[in-house]
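Single-structure report; data block below.
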Amino acid sequence: MSFELLEKFRDPALCRKILDKMESELDRELRFMEVCGTHTVAIFQSGLRSLLPEKIVHLSGPGCPVCVTHESEVNAFLDLAGHENVILATFGDLMRVPGDKGRNLKKAVADGARVKVVYSPFDTLKLAKENPGDLVVFIGVGFETTAPTIAATMKMAREQGIDNLRILCFHKTVPTALDALLSDEAINIDGFILPGHVSAIIGVEPYEFIAENYAKSAVVTGFEPLDILQSLNQMIEWRNKGEAHVANNYTRIVGEHGNPKALEIMYEVFEPCDALWRGLGLIPGSGLEIRPEWESFDAKKQFGIEIKESPALPGCKCGDILKGVKQPDQCPLFGKACTPANPVGPCMVSTEGSCAAYYKYKLD
């Protein structure tokens, strides 16, 4: 997209006009949750957080892939670090995510574990070729956005005869998490700003249950200020009319049916499974696991890894923040024992984490 066109989505005068319209039409407090960590950062970075009407409560949901990775899964890959003849490959955000007993991957490296930060799952192919006497284990976290790329990496490894690559699969699917949130009567959400990146893969149809089953609205949204404001305003208008809809306001990127080729590759290699989410617990059918015909890549089977629920980190409220039950500054550790330099929970570690965004843009 050209810079000139992008600037149109940042027009200050139009933003102000929509903000004033929203203010005039709100007759009670409404709670809107954005599901994507990139939206969280965009809302803070653009200054929208402080401009939104007071009657709009902005919640950050389970959209940061690092943040939703369950404590038990973190402990599982930390247990694998330092294993003989194992090279762990990971995205950089996972390096400082804390597990039990104050462990993290950076400390594991200091203790002698071999951990390599990669920028793409495809980098693991080269890493595996260069280390034929070792097993390269890629930590697969994230949503429908990353799963197709990892599936494609596995297919390329098989085509190239690379037999020392394994995947520690912790992938999760977004619509099932939203279903779990809406079915919890203790969590009061009036509407969702749906993720642009995930929706580019899965399309819009998987979210239609939000309006059909729960009478709530949701809008697939881009990451510019006008994208976000337009979606919020649309949900306010629907609510005032007593209507609920699911819509796509990010048509310049997201097609109605997503990316069929990416979905085909993803489901060729992975199949649905139950999964643990930080804060949300076990959600049936919300994860992806490696299909039996691809089990030679499965690190869980290779190392006999069983994911058992571990207790939450003492004092950490990341789980409640990911559910929209608490705001980051309602955590007793926020900005005190837990800071970006010394994170206690993953929401303060990840660049897409709500605590990290809240700390950076609210306190600076």
Side-chain angles (χ1 to χ4, degrees), residues 1-61 63-64 145 189-201 203-204 207 210-211 216-241 243-256 258-259 324 327-328 351-354 356-364:
M1 180 183 298
S2 70
F3 180 76
E4 290 77 14
L5 183 57
L6 200 59
E7 282 297 292
K8 292 182 180 178
F9 288 92
R10 302 170 180 170
D11 186 320
L14 193 49
C15 286
R16 184 70 263 171
K17 186 176 180 180
I18 296 177
L19 281 164
D20 290 343
K21 185 171 183 292
M22 290 162 60
E23 181 80 57
S24 67
E25 294 186 357
L26 283 165
D27 57 6
R28 71 167 178 86
E29 181 180 284
L30 294 179
R31 295 163 58 85
F32 293 115
M33 174 178 280
E34 95 274 343
V35 183
C36 175
T38 308
H39 275 134
T40 303
V41 174
I43 288 170
F44 278 98
Q45 203 167 36
S46 63
L48 287 183
R49 182 67 165 75
S50 58
L51 295 173
L52 291 173
E54 288 185 2
K55 288 178 180 173
I56 288 183
V57 179
H58 162 230
L59 305 170
S60 296
C64 162
T145 320
I189 299 169
D190 291 294
F192 290 105
I193 296 175
L194 294 171
H197 299 144
V198 166
S199 304
I201 302 297
V204 183
Y207 303 114
I210 295 172
K216 306 287 185 181
S217 291
V219 183
V220 177
T221 303
F223 301 94
E224 299 302 326
L226 279 175
D227 288 321
I228 295 165
L229 290 176
Q230 184 184 11
S231 294
L232 289 172
N233 183 57
Q234 202 165 13
M235 287 191 282
I236 292 169
E237 289 180 346
W238 289 333
R239 176 259 172 190
N240 289 346
K241 294 177 182 175
E243 300 174 359
H245 301 280
V246 172
N248 178 14
N249 277 355
Y250 199 29
T251 54
R252 61 187 188 274
I253 297 294
V254 177
E256 194 68 15
N259 184 330
Q327 297 281 16
T351 54
E352 295 186 0
S354 53
Y358 208 91
Y359 185 94
K360 181 176 181 180
Y361 295 105
K362 185 175 177 66
L363 296 186
D364 283 354

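Residue numbers start at 1 and run along the sequence shown.
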Just so I know, are the side chains of [X] and [Y] near enough to count as touching, which here means a heavy-atom distance under 4.5 Å?
X: M22; Y: I18; value: yes
X: K17; Y: D11; value: no
X: S199; Y: Y207; value: yes
X: L59; Y: Q327; value: yes

Spell out, as yes or no, whether a donor-acceptor pair under 3.5 Å connects the side chain of [X] to the backbone of [Y].
X: D227; Y: E224; answer: yes
X: S50; Y: G47; answer: yes
X: K55; Y: L30; answer: no
X: R10; Y: S46; answer: no

Point to revise | Set of residues satisfying salt bridge (Lys or Arg N to Asp or Glu O under 4.0 Å) with respect to D20, sequence neighbours excluded | key: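 R16.
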
**Study point:** Set of salt bridge (Lys or Arg N to Asp or Glu O under 4.0 Å) partners for K21, sequence neighbours left out
**Key:**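 Partners of K21 under the salt bridge (Lys or Arg N to Asp or Glu O under 4.0 Å) test: E25, E237.
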
Measure the [atom1]-[atom2] distance between [X] and [Y] for me, rounded to the nearest 0.5 Å.
X: L52; Y: I228; atom1: CG; atom2: CD1; value: 9.0 Å
X: N240; Y: R28; atom1: CG; atom2: CZ; value: 9.5 Å
X: L48; Y: L229; atom1: CG; atom2: CG; value: 5.0 Å
X: I189; Y: S217; atom1: CD1; atom2: OG; value: 13.0 Å
X: I56; Y: E23; atom1: CD1; atom2: CD; value: 8.5 Å
X: K8; Y: L226; atom1: NZ; atom2: CG; value: 12.0 Å

Exercise for review: Test the R252-F9 pair against the cation-pi criterion, namely NZ or CZ under 6.0 angstrom from the six-membered ring centroid and within 45° of the ring axis.
Suggested key: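 Yes; both conditions hold, so R252 lies above the ring face of F9.
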
Exercise for review: Flag the pair F44 / Y358 as yes when their ring centroid distance falls below 6.0 Å, and as no otherwise.
Suggested key: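 That pair passes the under 6.0 Å test.
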
Exercise for review: With sequence neighbours excluded, tell me which residues meet side chain to side chain donor-acceptor pair (under 3.5 Å) with E243.
Suggested key: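 If we apply the side chain to side chain donor-acceptor pair (under 3.5 Å) test to E243, skipping adjacent residues, the hits are H245.
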
Practice item. Check the pair L232, F32 against side-chain contact (heavy atoms from CB on, under 4.5 Å), reporting the backbone distance first and the verdict last. Key: CA-CA 8 Å; L232 289 172; F32 293 115; 3.6 Å; yes

Could you list the donor-acceptor pairs under 3.5 angstrom formed by side chains in residues 33-42, with sequence neighbours left out?
residue	atom	partner	partner atom	Å
E34	OE1	H58	NE2	2.6
E34	OE2	T40	OG1	2.3
E34	OE2	S60	OG	2.8
T38	OG1	E352	OE2	3.3
H39	NE2	T221	O	3.0
H39	NE2	G222	O	2.9
T40	OG1	C36	O	3.4

Could you pull out the closest heavy-atom pair between [X] and [Y], with the gap in Å?
X: A211; Y: A244; result: CB-O, 3.8 Å
X: V220; Y: P195; result: CG1-O, 4.1 Å
X: D27; Y: R239; result: OD1-NH1, 2.6 Å

Review point. Looking at residues at least two apart in the chain, or sitting in another chain, which of them share a side-chain contact (heavy atoms from CB on, under 4.5 Å) with I253?
Key: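 side-chain contact (heavy atoms from CB on, under 4.5 Å) list for I253, sorted by chain: A200, Y250.
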
**Study point:** With Q234 via side-chain contact (heavy atoms from CB on, under 4.5 Å) - residues at least two apart
**Key:**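 For Q234, the residues satisfying side-chain contact (heavy atoms from CB on, under 4.5 Å) (neighbours in sequence not counted) are V219, W238, N249.
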
**Study point:** Candidates N248, V198, N259 - the one meeting side chain to side chain contact (heavy atoms under 4.5 Å, CB included) with V254
**Key:**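 Running side chain to side chain contact (heavy atoms under 4.5 Å, CB included) over N248, V198, N259 with V254 returns exactly one hit, N248.
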
